[in-house]
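Before any comments, here is the structure.
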Number of protein chains: 2
Amino acid sequence: MPDDERGRTRDPDATRARLLRAATDEFAAHGIAGARVDRIGAAAKANKALIYTYFGNKDGLFDAVMDAHVTRLLDEVPFTPDDLPGYAGRLFDYLLGHPHQLRLATWHRLERAGTGRAPEGLSDSMRRKTEALAQAARPRSGDFAPEDLLVFVLALASAWTPASPHVPPGFRAEEAAGHRAAVVEAVRRLVGA
Amino acid sequence: MPDDERGRTRDPDATRARLLRAATDEFAAHGIAGARVDRIGAAAKANKALIYTYFGNKDGLFDAVMDAHVTRLLDEVPFTPDDLPGYAGRLFDYLLGHPHQLRLATWHRLERAGTGRAPEGLSDSMRRKTEALAQAARPRSGDFAPEDLLVFVLALASAWTPASPHVPPGFRAEEAAGHRAAVVEAVRRLVGA
DNA sequence: CATAACCAACTAACTGTTCATTTGCTTGCC
DNA sequence: GGCAAGCAAATGAACAGTTAGTTGGTTATG
């Protein structure tokens with residue numbers, strides 16, 4: 001007879017997962033420096049000391065959160081170098097459906113800039129994407145360099161996301177469909193429809 | 001005979017300015033939660049108590065930093081609704097020359113999202129820009145909504161900035177000229193050259 | 001002298017991290 | 001089946017270092 005979220009019996013995997021979920025919310029909301037270990041433990045209904053047995057320390061916990069999110073994103077939004085507008089649209093959808101994603105990525109950029117520690121598989125993924133773009137058949141000359149094109153597509157897809165520096169405060173989800181269409185059209189013009 | 005940065009005599013304006021400059025570096029580097037009041041005082045060669053007499057508290061100091069930077073940006077990069085590629089290029093230049101700008105803006109987005117307190121003149125400026133775009137003569141139908149166009153231009157101009165979530169680690173300034181040209185060309189395609 | 005600028009020292013609260021101890025599950029044995 | 005040993009999981013309380021903010025006095029300036 002389950003009475004609350006905490007599992008009836010001892011279950012390290014479930015506890016780990018609960019900590020990770022709570023940490024995701026906390027880090028997405030407050031960043032690394034602003035996150036509080038106490039709050040994470042309380043939200044996960046677990047003792048905060050478990051954070052140190054499972055993840056080493058606060059930074060290790062953040063890394064674990066980042067790795068999980070990057071992996072999931074790369075997994076669920078496959079890159080399609082021959083259909084960049086479609087890719088931008090799907091990335092837009094994903095970011096809209098997972099508001100933590102871009103906030104976490106931005107915190108990571110700001111707070112972990114110098115440390116060298118990058119989320120697992122991210123730089124590999126960027127390299128693969130760039131190479132795929134370089135080899136993709138693109139007819140017209142005077143086209144963008146692969147690096148520029150990739151960065152532009154990512155920037156456009158995330159331009160309307162609430163974590164972006166440019167989105168005005170009163171952003172409403174009902175208008176998302178219109179913005180999505182605009183993003184797709186913008187990328188279409190970039191690649192020369 | 002000046003021996004260090006601190007003015008020979010008492011000079012409240014200079015002290016205020018020194019505090020503001022030190023706070024800019026500290027906040028740009030570590031954000032609000034990560035910034036340390038002691039470090040700011042030390043870097044400004046002023047007593048940290050002066051922060052509280054001049055700016056109220058840590059948050060007030062951050063607001064002052066943000067206001068100054070937003071004002072300067074809006075002042076030095078005039079908006080030209082009829083020449084969006086040129087505007088994007090000039091904005092790109094400004095962000096490249098003032099690396100603190102986008103970092104501060106991003107910190108503000110992340111840490112001050114809900115508080116309502118926006119940098120002075122920013123939302124006004126966004127509204128004016130949107131209206132200017134709406135009234136600007138653009139021939140072709142099927143064009144972007146003014147809000148979309150503005151957000152896209154800003155996103156593209158800041159896409160290659162080190163504070164962006166998408167820029168790979170090994171970004172070198174020598175390649176900036178090429179990226180600048182790509183940004184201008186991208187905006188040109190958006191508006192339909 | 002009167003006022004404003006400035007400073008050193010202080011404080012109360014908080015934070016990440018550790019650790020000795022307890023709790024409950026599993027396993028081998030009778 | 002019943003039992004006790006062994007062990008990982010979980011806990012509560014504390015530690016040692018930091019932090020934003022304050023205060024009372026000192027010093028230059030007009």
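Below, chain A is the first sequence line, B the second, and so on; all start at residue 1.
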Between Arg180(A) and Gly89(A) (side chain of the first, backbone of the second, donor and acceptor by atom type, cut-off under 3.5 Å), is there such a pair? yes

Counting C-beta onward and ignoring hydrogens, is there a side-chain heavy-atom pair between Tyr87(A) and Lys129(A) closer than 4.5 Å? yes

Donor-acceptor check, side chain of Asp67(B) to backbone of Glu120(B), threshold 3.5 angstrom: yes or no? yes

Calculate the interatomic distance between Lys48(B) atom NZ and dC6(C) atom P; express it in whole Å. 17 Å

Where along residues 51-67 of chain B does a heavy atom fall under 4.0 Å from DNA chain D? Tyr52(B), Asn57(B), Lys58(B)

Measure CG/Asn47(A) against P/dT18(C) and give the value in whole Å, please. 14 Å

Does the side chain of Thr80(A) come under 3.5 Å of the side chain of Arg90(A) through a donor N or O and an acceptor N or O? yes

Kindly indicate whether the side chain of Leu190(A), heavy atoms from C-beta on, has any atom under 4.5 Å from the side chain of Leu84(A). no

Between C1' on dC25(C) and CG on Asp11(A), what's the gap in Å once rounded to a whole number? 12 Å

Are the side chain of Glu26(B) and the backbone N or O of Arg36(B) linked by a donor-acceptor pair below 3.5 Å? yes

Report the distance from atom CG of Leu50(A) to atom P of dT17(C), rounded to the nearest whole Å. 15 Å

Leu19(A) CG to dA9(D) C1': how many Å, rounded? 12 Å

Listed once per pair and sorted, the ring pair (Phe, Tyr, Trp, His ring centres under 6.0 Å) pairs that draw on residues 112-135 of chain B, sequence neighbours left out: none

Can a donor-acceptor pair be found, under 3.5 Å and without considering hydrogens, that links the side chain of Trp107(A) to the backbone of Ala28(A)? yes

Rounding to a whole Å, what distance do you find between Arg10(B):CZ and dA5(C):P? 9 Å

Give, ordered by number, those residues of residues 27-39 of chain B having at least one heavy-atom distance below 4.0 Å to an atom of DNA chain D; if nothing qualifies, reply none. Ala35(B), Arg36(B), Val37(B)

